[in-house]
Trainee: 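Quick one: the structure is below, questions incoming.
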Amino acid sequence: MELLMSILIGLMFTAATYLILSKSLLRIILGTAVLSHAVNLIVLTMGGLKKGKAPLLDTPGLPVYNDPLPQALILTAIVISFGVTAFFLVLAYRAYQELDSESVSKTRGHEADDE
Amino acid sequence: MSNIVLMPILIPFFGAIFLLLLPRKVVIQRILALITSIVLILANIYLVYYVYQNGIVAVTLGNWPAPFGISIVGDMLAVLLVTTTSLILLATLIYSFYSIGKPRERFLYYPAVLFMIVGVNGSFLTGDIFNLFVFFEVMLMASYVLLVLGGTTIQLKATVKYLLINVIGSAFLVVAIALLYSMLGTLNMADISQKISEIHGGNTGMITVVAVLFLFVFGLKAGIFPLYFWLPGSYFAPPIPVLALFGALLTKVGVYAIIRVYTLFFYNETSFALPLLSTLALVTIVLGVIGAISYYDMKTIMIYNILIAVGVILFSVSLMTRESMTGAIFYLIHDMLIKGTLFLVIGVIIAMTGFSSIKKFSGLMSVKPSLGWAFFIAALGLAGIPPLSGFIGKLLIIEGAFSVQNYVGGIVVLLSSLFVLLSMIKIFSKGFWGEKKGDFKLDIPYRKMMVPVLFLLVISVGYGIFSEAMYPLITKAVDPLVDPSIYIQAVLGE
C-alpha cells in the first residue's frame, strides 16, 4: 500500500512540476494546488498506512492503531494551502487586470535593470 | 513564570487583532501599533534579563510532557533576535507614519506588519519543527500582503514571483518534516536531535537527504547561492518601510532556521551537508559582491548586500567552532540592525530626490549634510570599520576560519568587506558629493523621518562600541549551539 501511495505521489509531483513550468498563471496555481496535495499525501504515507483502530486511551490490548499526528499535520497544511491558493487566485486576477495578460512572461525582469 | 516566553508572540498578535477592529481610523491605528511595539520591546528586554538569569526557558503548551506537547523555547539566541526584531519594528513603524501614505494605512498596513512580527518571533522561539513551518507560513502570508499592498504594477509582478517561490519552498519544507517524522517519529526539535545522535551509523544517508532538503527550503528564504534569483526583483518592489522589514528580518529568519537546524540536528553531518553549506555560502558572498558593485540603484545595491551578509553568517556557521559561532551571532544581530538603518536612510534619500538610481542625482551633501553623515556612519558600520558594529563579528568569523585552516573562506570574507565598502562609497561619492544635480524636495518631514533612522543608528553604533558588554549574552547564546545537550536538557528536562 505504501508503494502504491509513493507512485501516486510521484505522479502528482510530476503533474505539479509540469503545470508550474507552464506560462499561464492559472495553470501555475493549479500546479501549486496539486503540489500541496502531493505533499499532504507524503505526510500521510510517512506516518505509516496501518489498518488499525482509532488511538483511544485506556483501551488495553489494542495491537495496531493509526498514528493520529500526521492527520493533524495534514489538517494544518491543508488549511494553509487553501489560504495561499485563494490569495494566489485573487492576486492572479488583479495581475490580469493590471497587466492585461495572464502569462507570466509579463512579470519577467528586474526593474533596476532598465536604467 | 516561564509563560513569559510567549509574550513576544502574544503581544503583536493581540495588537494586530485590536487593529483589525478599527480599520479606517488611521490615527488610532498608528497609536496602537506604536504602543504595541513599545510594550513588545519592554517585554523582550525583560525576557533577555530573565533568560540571562535563569537559563533557557521552555514552555510546553497545554502542559503535556515535552516530546508530545508543542514547545516554545526561549534560549538566548532566540531571545536576542526577538529583541532586535522589536527594535526594528519600532523604527520602521515610526518611519511608516511619514512615508507609507494614508491609502496603504487604511488597508490594514499596521495589522499586516504586526502579523508578520508574530510569524518572525514565533519562528525564532518555536521548539517544534512543524510549528516552525506554521510560523513561517504566518510570516509569509503577512509578507505577501505587505508586498502587494498598494497594488502597483511592479508590486503585482514581484508578488507573483515571490508567492510562487515560497509556495514551492513551503511544500518542500513539509516534505522534509514528513521524511524526518517517518524516520524518528517525533517533531520536537530537542527530541529529534537526541534521536538523530542515537541512530548514528544506521540510516545516516536519509538524514543527509533531509539535511539538504532543509538547506534548500531555508536557503530559499535566506537567499543563498542557487536560490536567490527571486530576491532582488521581489524586494525591489515594495515601499521602503516594508523593504526595511523584509531586508532586516525575513532573510534572517531563514538564516536563523539554518543555524538552529544545523547546530541542533545535523552537527555530525560533516561528510556532505556542512561542506555543501560552506561552499554555497562562499559562492553567495562572491555573487552578492558582483551584484553589489555592478548596480547603480541604491535599493538593489543594498539588496545584494543582504546576500553578502547571509553568505558571511552561513559560512561562519558551517565551521561549527565556538569562535565562529560567536562571530556568526554577533554578525547576525549587527546585520539586522544595520540593514534596517541603511534601508531607512536610503528611503529618506529617495523621498528627497525622487530617484533610487544614483545616476539621476548628485551633490546631496550641499543640501542635507546630516543625512550624508548618517549614511556614511551606517555604511562604515556595514563594511565593518572598527569600532562600529560590523567589526567584531567579522573579526571573530575570520579568526574562526583561519583557526580551522579554512584560508580560502577567511580571505573571501575579508575581501568581501572591501567590496561592501566599495559599493557603499559608490553611493556616497556619486550621490552625496559632486555637483548639485537634480531637484531636491525639501518639503518632506525630514526631521521626523530621521528620528527612527538615528534611533537604529545609535543602537547599532552602541552595539559595536559596547560589544564587550554584549559578550556574556552572546556567549550564553552560543552555548546551546556548540553543545546541543544544553538545549535538549532544557526542553526535555531529563
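Only heavy atoms go into these numbers, but all of them, side chains included; no hydrogens, no water, no symmetry mates. Chain naming here is simple, since letters A, B, ... match the order of the sequence lines and numbering starts at 1 in each.
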Trainee: Under a 4.5 Å cut-off applied to non-hydrogen side-chain atoms, are F133(B) and I80(A) in contact?
Mentor: yes
Trainee: Between V145(B) and chain A, which part of the residue has a heavy atom less than 4.5 Å away: side chain, backbone, both or neither?
Mentor: both
Trainee: Taking C-beta and beyond as the side chain, do F13(A) and V175(B) meet within less than 4.5 Å on heavy atoms?
Mentor: yes
Trainee: Would you check if V148(B) and F87(A) make a side-chain contact, meaning some heavy-atom pair closer than 4.5 Å?
Mentor: yes
Trainee: With A211(B), which residues qualify under side chain to side chain contact (heavy atoms under 4.5 Å, CB included), at least two apart?
Mentor: Y262(B), F266(B), A273(B)
Trainee: Which atoms of L140(B) are under 4.5 Å from chain A, going by heavy atoms: the side chain, the backbone, both sets, or neither?
Mentor: neither
Trainee: Using a 4.5 Å heavy-atom cutoff, which residues in residues 14-36 of chain A come close to chain B?
Mentor: I20(A), L25(A), I28(A), T32(A), L35(A)
Trainee: At their closest point, which heavy atom of Y181(B) faces which heavy atom of P70(A), and how far apart are they?
Mentor: CE2-CG, 3.9 Å
Trainee: Before giving the answer on side-chain contact (heavy atoms from CB on, under 4.5 Å), spell out for V174(B) and I42(A) the whole-Å C-alpha distance, their side-chain angles and the decisive distance to 0.1 Å.
Mentor: CA-CA 9 Å; V174(B) 182; I42(A) 282 196; over 6 Å; no
Trainee: Counting only heavy atoms not in F135(B) (residues, nucleotides, ligands), do more than 12 fall under 6.0 Å from its CZ?
Mentor: yes
Trainee: Considering residues, nucleotides and ligands other than K426(B), do more than 12 of their heavy atoms fall under 6.0 Å from its NZ?
Mentor: yes
Trainee: Only counting residues at least two apart or in another chain, list the ones meeting side chain to side chain contact (heavy atoms under 4.5 Å, CB included) with Y96(A).
Mentor: E102(A)
Trainee: Nearest 0.5 angstrom please: Q97(A) CD to L156(B) CG, how far?
Mentor: 9.5 Å
Trainee: Please determine which of V84(A), T76(A), V79(A) meets the side-chain contact (heavy atoms from CB on, under 4.5 Å) test together with E137(B).
Mentor: V84(A)
Trainee: Can you list every salt bridge (charged side-chain N to carboxylate O under 4.0 Å, His left out) pair that touches residues 87-96 of chain A, not counting sequence neighbours?
Mentor: R94(A)-E98(A)
Trainee: Identify which part of L73(A) has an atom lying under 4.5 Å from any heavy atom of chain B, answering side chain, backbone, both or neither.
Mentor: both
Trainee: Only pairs of heavy atoms separated by less than 4.5 Å count here; which of T153(B), N166(B), V167(B) has the most with chain A?
Mentor: T153(B)
Trainee: Which pair of non-hydrogen atoms, one from A95(A) and one from V160(B), has the smallest distance, and what is that distance?
Mentor: CB-CG2, 4.4 Å
